[in-house]
2 protein chains.
Amino acid sequence: MELISLFSEPARLLITLLFEELKIKGYTGLKPAHAQVFQNLEKEGSRITELALKAGITKQSMSLLVYDMENAGYLKRYKDKGDNRAVIFRLTAKGEKLLKFSDQILRNIITKWKKEQGEYSLNELKVLLK
Amino acid sequence: MELISLFSEPARLLITLLFEELKIKGYTGLKPAHAQVFQNLEKEGSRITELALKAGITKQSMSLLVYDMENAGYLKRYKDKGDNRAVIFRLTAKGEKLLKFSDQILRNIITKWKKEQGEYSLNELKVLLK
DNA sequence: AATTATTAGTCAGTTAAACTGACTACAATA
DNA sequence: TATTGTAGTCAGTTTAACTGACTAATAATT
């Protein structure tokens, strides 16, 4: 397998499989890009700029993503006490469930892959990193 | 770092760094997506369908990518003897140079990363895969 | 041998997910 | 107080994929 794909392929697959599961379980209104939001959100809430930085995308892009997730009921928007420009986003109860469920799914997939059971093998990557 | 990013982040960085280098060295007319072409091309040449399958994209998308690279002088188009529907693409001398240089760059970056010297650390991923 | 199904590739249009640039409102600094 | 910087939004663009419909050629089936 080609070098860059050793990294990008499992990433792509993880997202695909995650969103298949999420859809089945009724978590609607989400697209792969939204994973970067809830995966990077701090317990106490996060700002858009902060999320953008962590996710490695622009604040403009992140702005749209959080807006979607707010509308879908996964996030709630709060005022930042002390900075009236800023907005804080926190997970709703629905969002918390989503996060927990997602983490579980992802861990399961990787565990399977490591045992050479799943649809993908991490062996070549492991060798590269040795 | 977030789970999916442990895979996608190095992939993204590798591509960015590779294309910075390539641009400096005068390999123009290329965008990140084109890496999937020359990285997957067989020595004896490859078909569009075959390349698409390896790269994990549709033949329609791959069709455009090889067209670009042909125009930029990295690939040459040949008839497939024995199947008049099919087209074979082979690297030109320029394309060969590109491939060799790219591989070298990518290997160098990863080697640096493994020694914890570069702009990124592979340690967290290594731990995950253990 | 003729028909049917499959495969290789292209054309056209669409979608997802990012980007840049310009802007407003507020905060921090000189 | 005036200037510079930061948080976020709006608008438009670009990159890189996608699906669907099609032609031409090959392979399979009857």
Side-chain angles (χ1 to χ4, degrees), chain A residues 4-5 8-9 11-13 15-16 18-20 22-23 28-40 42 45-72 75 77-89, chain B residues 4-5 8-9 11-13 15-16 18-20 22-23 28-40 42 45-72 75 77-89:
Chain A
I4 298 174
S5 302
S8 64
E9 204 42 41
R12 177 150 58 169
L13 248 175
I15 293 203
T16 305
L18 170 61
F19 276 81
E20 275 173 14
L22 288 179
K23 203 176 171 191
T28 55
L30 292 173
K31 277 180 255 175
H34 295 111
Q36 313 177 70
V37 182
F38 62 83
Q39 296 271 351
N40 284 308
E42 299 290 338
S46 304
R47 290 185 182 187
I48 289 179
T49 326
E50 180 194 339
L51 285 170
L53 189 71
K54 278 202 211 169
I57 63 175
T58 59
K59 59 183 183 171
Q60 292 92 324
S61 299
M62 185 53 79
S63 182
L64 294 176
L65 294 177
V66 293
Y67 176 81
D68 294 341
M69 292 199 69
E70 184 189 9
N71 268 24
L75 298 184
R77 179 184 296 250
Y78 297 89
K79 282 186 186 158
D80 184 323
K81 329 262 182 207
D83 191 338
N84 285 317
R85 293 168 305 176
V87 188
I88 303 286
F89 285 91
Chain B
I4 298 173
S5 302
S8 63
E9 204 42 40
R12 178 151 53 170
L13 248 174
I15 292 202
T16 305
L18 170 61
F19 276 80
E20 274 173 14
L22 288 180
K23 202 176 169 187
T28 56
L30 292 173
K31 277 180 255 175
H34 295 112
Q36 312 176 73
V37 182
F38 62 82
Q39 296 270 352
N40 284 308
E42 299 290 339
S46 303
R47 290 185 181 185
I48 290 180
T49 326
E50 181 193 338
L51 286 169
L53 190 71
K54 278 203 212 170
I57 64 176
T58 59
K59 59 183 182 172
Q60 293 94 322
S61 300
M62 185 53 79
S63 182
L64 294 176
L65 293 176
V66 292
Y67 175 80
D68 294 341
M69 293 200 66
E70 184 188 9
N71 268 24
L75 298 185
R77 181 184 295 250
Y78 298 89
K79 282 187 185 160
D80 184 322
K81 329 262 180 205
D83 191 339
N84 285 316
R85 293 168 306 175
V87 188
I88 303 285
F89 286 91

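Here the side chains of B:I57 and B:L65 are in contact, with some heavy-atom distance below 4.5 Å. A:L30 is listed as a side-chain neighbour of A:M69, based on a closest heavy-atom distance under 4.5 Å.
Between the CE atom of B:M62 and the P atom of D:dC18 there is a distance of 10 Å, given to the nearest Å. Separating the CD1 atom of B:I15 from the C1' atom of C:dC19 is a distance of 16 Å, rounded to the nearest angstrom. In this structure, CZ of A:R12 is placed 11 Å from C1' of D:dA16, rounded to the nearest angstrom. One can place CD of A:Q36 at 9 Å from P of C:dA17, the figure rounded to the nearest angstrom. Residue B:I57 contributes atom CD1, which lies 18 Å from atom P of C:dA16 at whole-angstrom precision. Rounded to whole Å, atom C1' of D:dT15 lies 10 Å from atom NE2 of B:H34. To the nearest angstrom, P of D:dA16 lies 13 Å from CE of B:M69. The distance between atom CG of B:L51 and atom P of D:dA17, rounded to the nearest whole Å, is 13 Å.
Contact annotation: A:T58 side-chain N/O to C:dC19 OP1/OP2 distance is under 4.0 Å. Of the side-chain N and O atoms in B:N84, none sit less than 4.0 angstrom from OP1 or OP2 of D:dA24.
A 6.0 Å sphere centred on OH of B:Y67 holds no more than 12 heavy atoms belonging to other residues, nucleotides or ligands.
Mapping A:P32 and A:G82 onto DNA chain C via the closest heavy atom, the residue that lands nearer the 5' end is A:P32.
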Annotated protein contacts, base or backbone, on nucleotides 2-11 of chain D with a non-hydrogen cut-off under 4.0 Å, one of B, S, - each: ---BBBBBB-
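For the pair B:Q39 (side chain) and B:Q36 (backbone), a donor-acceptor distance under 3.5 Å is absent.
Listed by chain and number, the residues in a salt bridge (charged side-chain N to carboxylate O under 4.0 Å, His left out) with A:D83 are A:R47, A:R85 (sequence neighbours excluded).
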Candidate pair A:R12 and A:E9, rule salt bridge (charged side-chain N to carboxylate O under 4.0 Å, His left out), full reasoning: CA-CA 5 Å; A:R12 177 150 58 169; A:E9 204 42 41; 3.0 Å; yes
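Between atom CG of residue A:N71 and atom CZ of residue A:R77 there is a gap of 9.0 Å, rounded to the nearest 0.5 Å.
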